[in-house]
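Okay, structure first, notes after.
Just so we're clear, the structure is a prediction, and the values are computed from it rather than from any experiment. Below, all heavy atoms of this structure are taken into account, side chains as well, without hydrogens, waters or symmetry copies.
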Amino acid sequence: MSRKSPLRRAVLPAAAAVVATAALLQLPPGAADAAPGPGALTGLDTGAANRRAPVAGLYDWSKAGYLGGAVLPGAAEVNPNATCQVTAAELAGQYNVKPDDGADDTNGIQAAIDGIKSACSPSGSYTKLSTITFPAGRFDVTHEIHVDADYLILRGAGKDATKFVYRPDANTLYDTLTPDGSDWDEDGMTSGAGKGGWLWPGRGLFRVQSRGVHTSYASDYAAAPANRKDIFEGTVNVHWKAGVKLRGKAGDTAFAARTGDRVVHLASSGALTSLTPGNLVNIRAANSQKFYEQQQATPTTFPLLNMHMRQQIFTITALDTAARTVTLDKPLEYDVPVTSTSDGSAPIDGATYDSKAAPLVDPVLGVGFENLGFTQDMPGLNPAEANNNYGNMAPAAEMHGIVFKWAANSWIRGVRAEMTGSHPIVTEEAKNLQIVDNELNGSWNKGKGGNGYFRGSRVWDSLYAGNTSTLLRHFTFQWSAAGNVVIGNSFDSDLNLHGGWERNNLFELNTVKVPYAHRSGNCRANCGEEGGGGPDDSNWFPIWWGAGKKAVKWSGGSGYRNVFFNNAMTKQLTDGGPYNDFYADRHRVHVFGWNGTAYQHLDVGGTPIADWAKNEQWDYTGGHGVDATKTDAASSLFLKSVDGTPPSSSTGQTSTPSTPTSTTTTTTTTQSPGACLTAAFVRKSVWDSGYGGGFTITNGCPAAVGSWAVEFDLPAGTTVSSSWSSVLTRTGQHYRFGNADFNGSVKAGGPATFGFNAAGQGLPIACTIAGTKCGGTE
């Protein structure tokens, strides 16, 4: 029998975290109240040498991220050819791209990228990267920039210094909306044989994707108006056309391959020219009635779809042209029926649908975005109205920030996004990405149709680390996303397994602090969910899981072995109420959609749940869809060390949940705080009635210090209105910020941080830490 309550009723300390408001597009002071808990773990060592060996019984995540564990490129990997390094001076002189001049910079930036693509990408490599360096200042963009030059870094002068301001023009805005005007209508946006759905997930500011047009669509492309031409570029039009049908394997003729196989059997006809060893291939398994039944999605009133819910991009290691087989670099994670009916299923919608091996004909490789910021400018709209508003404020402007589609071994680091049109970062068919140390804040559209996510869709073997996300709808994996690691991030939204058979993903060391205001019903226009339907009346909890009968209407149920470990997850159940622990046992491994040996849908008392909403607080362990029989004494299942101190790597097995265990690493302190610590203040953002600021505490001694306190005065007329990552006490105009439980130990050479918002413009005076004068105050 299922039991209530992985949701613990203990109240956490009041300390909250917030991300600094940006200079790009000022967020209102109230936005700070919705920010997540203790800050993201930026600067993690995620290199291959710091990765743990696979833990017995769990997936092997050791090859997640850029080039399967490589350190992100530095100066040594830059192409020495000056032609392949576009400097700020060359941007201005050759391409007329100048900061702060009010001119449209789109075409000049595109020309610089196209120049690199022509002159440098063909001979480039992961150790011979081109760069385009943008100076500080504002650059104005009016339509999508295509970053389809391999081995190229777009680098700014800093996330608060280089600012791309996107104001989509008439040919970029969607001119076809759903009949009620609430969302982009991709199916109604047609031209020739194409439709807007071919653009999915939609237009963005930067798009890392081929612009190739298949010969079958050359005439449609030529005839298409300016606001439809991109329908025919890249995506299915090239890769799908190259797909090869499959045939049954010997002794198991209904299937071209099974879970665990590395060899896929190809049909007796079909060109093999693009299936070259070393290249990438997408193995796409057709949906079938039996597959939907496995998800507990039937019977359903929603239509079942002929499509490829199960898919993944692999590297080809061998091609046998005589036997017509292709060998993959890693085992399959799903069965691959030859067709939608070969497993004995009845046809879906009266048709038989083929599985395929689709080579990536022209993937974009080795693209990086570094040290820059972007926003979508929406004149006439107030960003404060978007706060905790899960609706679409401007459906025609549902533009994303950075889109990766048919891309691999690329990265984003040190980027700040403020108020994008929809998703600040989104994928659709990508692998081995590394998204690290970014700040993503706010979206104009977070409603019907699935907008405003930090979204990984059809993404594989990728790493999301040290990011801070505020005022978005979800952090989401969807559409067969698998083998990804999400570590050390800070979110004020849920970790969302949205559906589509996503599997084998790891979530650990994240801070997830979900306020009461973060709920579907908190919506003021164009409300609802992906796939249609109105808002529900439930709360969103730190985890969202795609139940088959609910998620079938847009993508199908969540898959198996999605792991949650050592996350700080809290939920506020009432407006203004306390934040309560959710799955508080930090050292227990919670494996969703798993019974220990095979997939299992979550159930209550043996009955599969039809919807996660209002079922979030059941205990699904003990045979009800969440396997919690494993514990691990280390801080991380992915890394050997998260703070420079090697953790224990022992793994224990128990049959029932154990008493929660502290995850704090204790280091002996041999120095007094006064001899070791310095504190520096920075005012990070300013608004009419106040400002936001923060302190960085640095330990200059060779041993850790176990506690700290910063004290200062504020001038009359200025007060602290909120604070985070500290314990605040006040006497008149004198303020003392002591460490919180989680950040009291400051390792040798390492920092601790805390921050506050002030009402008034007065800055800290007479600041001390452990009796020593602070440094760096304004």
Side-chain angles (χ1 to χ4, degrees), residues 40-51 63-95 97 99 109 112-137 139 145 147-164 206 208 364-374 402 404 407-416 425 432-439 462-467 488 639 644 749-751:
L41 301 178
T42 57
L44 284 172
D45 176 6
T46 60
N50 192 37
R51 297 188 179 187
K63 298 297 191 292
Y66 177 70
L67 291 175
V71 175
L72 289 178
E77 286 74 43
V78 170
N79 191 335
N81 184 347
T83 302
C84 302
Q85 311 307 317
V86 179
T87 65
E90 289 169 332
L91 275 176
Q94 185 174 347
Y95 299 102
V97 175
I109 296 171
I113 294 170
D114 292 348
I116 293 290
K117 181 179 178 180
S118 174
C120 303
S121 293
S123 60
S125 70
Y126 295 111
T127 58
K128 199 163 70 171
L129 297 160
S130 301
T131 61
I132 299 176
T133 301
F134 294 86
F139 297 89
I145 295 172
V147 190
D148 55 354
D150 293 338
Y151 314 118
L152 170 64
I153 304 172
L154 299 185
R155 180 178 289 149
K159 62 186 176 184
D160 295 321
T162 300
K163 310 169 187 180
F164 293 87
F206 296 108
V208 183
V364 179
L365 307 173
V367 168
F369 297 86
E370 299 182 349
N371 305 325
L372 54 86
F374 57 83
I402 301 175
F404 289 100
N409 291 310
S410 295
W411 69 95
I412 305 174
R413 62 174 165 183
V415 164
R416 172 174 283 154
I425 297 173
N432 289 107
L433 304 183
Q434 195 144 318
I435 314 297
V436 294
D437 298 348
N438 304 292
E439 298 180 18
S462 294
L463 176 60
Y464 297 75
N467 303 290
L639 299 179

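- Side chain of Asn79 to backbone of Gly124: no donor-acceptor contact under 3.5 angstrom is found.
- Rounding to the nearest 0.5 angstrom, the gap separating the OH atom in Tyr126 from the CG atom in Leu365 is 4.0 Å.
- With hydrogens and angles disregarded, a donor-acceptor distance shorter than 3.5 Å links the side chain of Ser410 to the backbone of Ala408.
- Summarising the geometry of Thr83 relative to Asn81, their closest heavy-atom pair is N-OD1, 2.9 Å, with the distance given to 0.1 Å.
- Considering all non-hydrogen atoms of both residues, Arg155 and Thr131 come closest at NH1-CG2, 4.0 Å.
- With hydrogens and angles ignored, the 3.5 Å screen pairs a side-chain donor or acceptor of Asn409 with a backbone N or O of Leu67.
- Contact check for Ile425 versus Val415: no side-chain heavy atoms found under the 4.5 Å cut-off.
- Of all heavy-atom pairs spanning Pro99 and Gly137, the tightest one is CB-CA, 3.9 Å.
- Residues Ile109 and Tyr95 form no side-chain contact, since every pair of their non-hydrogen atoms from C-beta on lies 4.5 Å or further apart.
- With hydrogens and angles ignored, the 3.5 Å screen pairs a side-chain donor or acceptor of Asp437 with a backbone N or O of Gly43.
- Looking at every heavy atom in both residues, Leu44 comes nearest to Gly488 through CD1-CA, 4.5 Å.
- Val364 is not listed as a side-chain neighbour of Val147, based on a closest heavy-atom distance of 4.5 Å or more.
- With contacts defined as side-chain heavy-atom distances shorter than 4.5 Å, the pair Leu72/Glu370 does not qualify.
- The backbone N or O of Asn438 lies less than 3.5 Å from a partner atom in the side chain of Asn467, making a donor-acceptor pair.
- Atoms CD1 and CD1, from Ile402 and Ile412 in turn, are 3.5 Å apart once rounded to the nearest 0.5 Å.
- Taken from CG in Asn371 to NZ in Lys159, the straight-line distance is 9.0 Å, to the nearest 0.5 Å.
- Between Ala149 and Ile116, the closest heavy-atom pair is CB-CG2, 4.2 Å.
- Counting heavy atoms from C-beta outward, Arg51 and Leu639 have side chains that approach closer than 4.5 Å.
- Residues Phe134 and Thr162 come closest through the heavy atom pair O-OG1, 3.5 Å.
- The aromatic rings of Trp411 and Tyr66 sit perpendicular, their planes meeting at an angle over 60°, well past the 30° parallel limit.
- Judged purely by atom type and a 3.5 angstrom limit, Glu77 uses its side chain to pair as donor or acceptor with the backbone of Gly74.
- Here Ser130 contributes atom OG and Tyr151 contributes atom OH; the two are 11.0 Å apart, rounded to the nearest 0.5 Å.
- The shortest side-chain heavy-atom distance between Thr133 and Thr87 does not fall under the 4.5 Å cut-off.
- The structure places CD1 of Ile145 at 4.5 Å from CZ of Phe206, a figure rounded to the nearest 0.5 Å.
- Atoms CD1 and CZ, on Ile435 and Arg413 in that order, are 12.0 Å from each other to the nearest 0.5 Å.
- A search for side chain to side chain contact (heavy atoms under 4.5 Å, CB included) contacts involving Ser462 returns Leu433, Val459, Tyr464, Asn484, not counting sequence neighbours.
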